[in-house]
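Before any comments, here is the structure.
Values below: all heavy atoms of this structure, side chains included; hydrogens, waters and symmetry mates excluded. Every chain is numbered from 1 and lettered A, B, ... according to where its sequence line falls, protein lines coming before strand lines.
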Amino acid sequence: MTTVLAVLRRILAIFALPVALFLIWWYASADSTNFLLPPLKRILAAFPDTWLWDRFNGDVVPSLVRLAEGYALALLVGVALGVAIGSSRWLRSLVEPVLEFLRAVPPVALVPILFLLAGLGSTTKILVIISGCIWPILLNTVEGVRGVDPVLADTCRSYRVGGLLWLRTFVLRSASPQIVTGARQSLSVGIILMVISELKASSEGLGYTIQQFQQGFAYPQMWTGVLLLGLIGVLLSLIFRIVEAQVLGWYHGLRATERASR
Amino acid sequence: MLKVRSLRKVYDGHGRQVEALRDITFSVGSGEFVSVVGPSGCGKTTLLRLLAGLITATSGEVSVEDRPVSGPPDGLALVFQEYGRSLFPWLRVSANVELPLKAKGLPRAERERLVRESLSAVGLADAATAYPWQLSGGMQQRVAIARAIAFQPRVLLMDEPFAAVDAQTRADLEDLVRTVWQRFGMTLLFVTHDIDESAYLGERVIILSSSPTTVMEDLAIDLPAQRDQLETRSDPRFVELRHHVYAQVQKAKQSGSGAASREPGPAASSVA
Amino acid sequence: MSRFRTILGRVGRSPALLGVLGLVAFGGLVELLPHTGWVKAEYFPPSSRIARALWQVMGQATFRTALADTLGTWLTGLAIAVVGGVVVGVLIGSVPIVREFTASTIEFLRPIPSVALIPGLVVLLHQRQATLVIIVYASFWQVLVQVLYGVADVDPVTRDTARSYHLGPLRRIRYVVWPTALPYVVTGIRLAAAVALILTITGELIIGNPGLGKQIDLYYTALDAPSMFALVVVTGLIGVVANTITRAAERRVLRWHPSVRGELPV
């Protein structure tokens with residue numbers, strides 16, 4: 001009996017507040033005559049017509065594809081460079097000030113420069129995403145590689161574990177918690193940059209479409225776009241957590257054991 | 001099998017020089033089980049790390065199987081004191097034991113066989129799918145030993161492996177090490193600060209002085225090959241030997257420098 | 001030849017000297033890159049040109065106003081986010097039921113990119129208010145999450161001791177919760193400051209709020225690349241200074257704090 005109660009309580013805890021907020025929004029906006037803030041009912045009703053399926057395929061998908069490409073490249077280059085820099089003390093000292101400066105530049109500020117240098121097409125948008133995503137990954141990878149346990153490093157040396165096996169089974173996995181932290185930050189930055197890269201001088205994309213609605217005074221449609229962006233953010237975050245639980249399952253278990261023995 | 005001659009190691013850092021070992025000379029024959037004991041801080045771990053090729057000597061010779069050590073030698077395995085940190089937390093027990101075999105390039109069927117055999121040799125056949133951090137300290141050290149065994153080393157070095165384990169578990173692990181040694185016949189060098197343990201386990205005990213470290217004595221342990229926690233430890237011969245080792249270590253701690261060091265060579269001493 | 005090698009050796013062992021070398025090499029790279037023809041020279045000026053533009057720009061009154069605007073917006077938004085994040089975080093974190101019931105909402109609202117709100121906010125609010133909202137929205141979560149970690153990290157033994165001595169909620173917060181949570185709060189401020197700076201510039205570039213971002217946009221329209229680069233360097237320097245200050249604060253707070261923390265987000 002208590003487990004049924006426990007499950008019910010869990011469900012309540014997860015849904016109570018969101019549902020309440022949703023209902024508040026629904027009823028508070030129901031009689032809205034404000035042109036700029038239409039009732040939630042109207043916004044949701046406009047959803048299917050606005051996005052399914054032409055605009056979805058023509059604007060949302062390309063945006064997401066660019067995000068995926070930019071993010072993947074940032075991961076690849078960031079981890080590769082991060083491992084190289086983290087493993088070598090002199091290299092790290094050499095590039096550290098330069099990297100500290102480059103990562104402090106808000107990626108948004110680079111957008112006009114990239115427009116000038118690379119034009120206004122899809123490649124530039126991907127470059128914009130990479131320019132922001134790479135820093136958290138790179139810097140966290142460096143930290144992760146630096147912080148490997150020396151006893152483990154000695155174990156590898158003494159058993160002559162080297163080369164690719166050493167990299168895969170030791171360095172990368174040891175640094176993986178820190179790398180995942182960086183990857184999480186990069187995801188938020190990437191979504192922001194995906195939108196920003198489409199708000200200026202673009203001809204397609206999710207951000208562009210929303211802006212078009214706004215400039216054309218089509219407010220219900222605009223709000224559906226805002227909702228869609230929010231949903232995409234939440235979904236991507238969820239996917240990330242699922243992947244993280246797989247990759248870092250051992251780490252969560254390890255920390256739980258440490259905490260229990262504290 | 002293992003030869004150490006006039007070994008000297010000086011650590012050099014931040015303007016300070018620390019002489020960890022001054023003049024160490026001894027040798028270990030093939031298949032022998034030798035304990036190394038000495039006061040705290042006398043450089044026992046440094047000695048093992050030199051033999052394992054993890055650090056280089058300042059002067060003197062270190063050779064394993066008649067080849068000078070310039071990096072981790074082939075066929076040598078080292079069991080660390082910090083067993084918890086020497087196992088990879090993201091790998092299950094079986095994967096941990098398998099890793100050095102993968103590095104060696106053995107085919108999968110053979111790797112699996114070796115993993116199975118070594119885990120059952122240490123009594124952990126059921127723990128193969130667990131993660132190291134799910135196991136107790138004693139079990140983790142067994143995994144580390146299993147990993148060393150699976151590697152089929154000709155030389156096994158153990159660095160105070162049971163220092164951080166409770167007394168009962170330690171007794172079990174001591175017997176495990178002797179069983180493993182008798183079964184696989186490798187050359188075993190066992191470093192410990194526990195005087196009883198050094199006499200109980202080894203065929204010889206090398207007693208180190210305190211800093212600046214030299215070999216104080218190379219003592220033969222003429223106890224029977226079959227040893228037992230209860231019987232052997234109450235054997236009068238054991239008590240004599242243990243007493244002698246203890247006295248030597250106390251002398252080493254008090255004098256603060258090596259007593260008259262031995263002539264180089266395998267001439268061991270014995271207690272009349 | 002051997003003297004050269006000893007100098008090289010000494011540089012190689014000093015992190016500070018290596019760092020300076022790296023900066024110099026980077027400057028040299030930027031100087032040479034436009035001349036190689038790999039990038040369009042008129043849109044990627046050499047570092048000497050950038051330096052000169054920086055000197056010129058900094059002397060102008062418009063620059064000083066823009067800098068003041070950016071700093072003002074950034075710090076205002078950050079302050080609101082930090083205060084809000086700490087207050088809400090301590091309140092939520094201290095009451096387990098509230099924590100449990102708000103967890104899903106937090107996880108849902110957090111990943112929503114604040115730039116998604118830009119079109120909506122632009123029609124509803126003035127430029128400055130809209131910019132502040134996106135700054136606060138994004139930075140608030142950074143602080144909140146860290147504060148929640150901090151409150152959760154309180155040693156149960158300490159907490160029980162306080163309760164057994166009948167310390168009231170306010171005293172408990174002051175003597176038990178706050179000292180434990182402080183390092184997390186400082187980490188949260190560091191992360192929030194970086195995010196807030198990004199969104200400040202975003203607001204200026206996209207929404208048109210006065211500030212350095214808007215200046216960059218104006219130079220972009222005028223195709224004045226050297227001035228654009230100069231302002232980008234300035235924003236970078238602001239970020240570096242902010243990072244250095246918050247990192248130093250973090251280290252000082254962590255030094256006397258016996259906390260057992262895991263990996264620190266960089």
Side-chain angles (χ1 to χ4, degrees), chain A residues 13-18 21 36-37 90 93-98 100-113 115-117 136 139-140 143-144 147 177-178 181-182 185 188-189 191-192 195-196 199-200 207 210-211 213-214 219 222-223 225-226 229-230 233-234 236-237 255 262, chain C residues 12 15 18-23 25-26 39-40 43-44 100-105 107-108 110-120 122-124 194 197-198 200-202 205-206 212-213 216-217 219-220 223 225 228-229 231-232 235-240 242-243 260 262-266:
Chain A
I14 297 179
F15 289 107
L17 188 56
L21 289 174
L36 306 167
L37 253 173
W90 70 262
S93 304
L94 187 72
V95 298
E96 196 161 12
V98 176
E100 277 303 310
F101 172 73
L102 288 176
R103 65 97 71 131
V105 173
V108 193
L110 293 174
V111 171
I113 293 180
F115 278 164
L116 283 183
L117 288 174
L139 290 158
N140 275 285
E143 279 309 303
Q178 195 82 23
T181 307
Q185 289 176 32
S188 333
V189 174
I191 298 176
I192 295 179
V195 175
I196 292 180
L199 289 180
K200 278 185 87 66
I210 299 177
Q211 194 179 49
F213 286 144
Q214 178 229 318
Y219 293 121
M222 181 197 82
W223 286 108
V226 172
L229 252 180
V234 172
L236 288 177
S237 170
R255 302 271 276 150
R262 234 220 284 179
Chain C
L18 273 176
V20 170
L21 184 65
L23 281 170
F26 180 68
V39 285
K40 295 196 201 89
Y43 295 143
F44 196 113
E100 205 188 332
F101 274 70
T102 52
S104 57
T105 315
E107 284 312 305
F108 183 80
R110 217 178 110 194
I112 297 180
S114 60
V115 289
L117 306 171
I118 289 185
V122 159
V123 301
L124 292 170
L197 185 60
I198 295 180
T200 310
I201 306 287
T202 307
L205 238 156
I206 309 288
L212 290 174
I216 294 179
D217 195 26
Y219 287 132
Y220 168 68
L223 294 181
M228 266 174 60
F229 272 80
L231 286 190
V232 169
T235 57
L237 288 174
I238 297 177
V240 169
N243 248 325
V260 192
E263 87 278 1
L264 215 57
V266 172

Between [atom1] of [X] and [atom2] of [Y], what distance do you get to the nearest 0.5 Å?
X: C/Tyr219; Y: A/Leu116; atom1: OH; atom2: CG; answer: 14.5 Å
X: A/Ile113; Y: C/Phe44; atom1: CD1; atom2: CZ; answer: 8.0 Å
X: C/Ser114; Y: A/Ile191; atom1: OG; atom2: CD1; answer: 11.0 Å
X: A/Ile196; Y: C/Leu205; atom1: CD1; atom2: CG; answer: 8.0 Å

- Message: Please give me the minimum heavy-atom distance between A/Trp223 and C/Gly120, naming the atom from each residue.
- Response: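 Shortest heavy-atom contact: CH2-CA, 3.7 Å.
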
- Hey, mind stepping through C/Leu23 and A/Phe101 against side-chain contact (heavy atoms from CB on, under 4.5 Å) and telling me if it holds? CA-CA 10 Å; C/Leu23 281 170; A/Phe101 172 73; 5.5 Å; no

- Item | Part of C/Ile206 lying under 4.5 Å from any heavy atom of chain A |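 Just the side chain, heavy atoms under 4.5 Å.
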
- Message: If I measure from the heavy atoms of chain A, does C/Leu231 come under 4.5 Å with its side chain, its backbone, both, or neither?
- Response: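 No part of C/Leu231 comes within 4.5 Å of chain A.
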
- Message: A/Val108 and side chain to side chain contact (heavy atoms under 4.5 Å, CB included): which single residue from C/Ile216, C/Val115, C/Ile198, C/Leu197 fits?
- Response: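 Answer after filtering C/Ile216, C/Val115, C/Ile198, C/Leu197: C/Ile198.
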
Answer with side chain, backbone, both or neither: which region of [X] has an atom nearer than 4.5 Å to a non-hydrogen atom of chain C?
X: A/Leu236; answer: neither
X: A/Val95; answer: neither
X: A/Leu199; answer: side chain
X: A/Phe213; answer: neither

- Do you know which of A/Val195, A/Leu110, A/Ile14, A/Val189 has the most heavy-atom pairs under 4.5 Å to chain C?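 When all of A/Val195, A/Leu110, A/Ile14, A/Val189 are compared, A/Ile14 has the most.
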
- Query: Which of the residues A/Ala104, A/Gly225, A/Ala16 is involved in the greatest number of heavy-atom pairs with chain C at under 4.5 angstrom?
  - Reply: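 Option with the greatest count: A/Ala104.
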
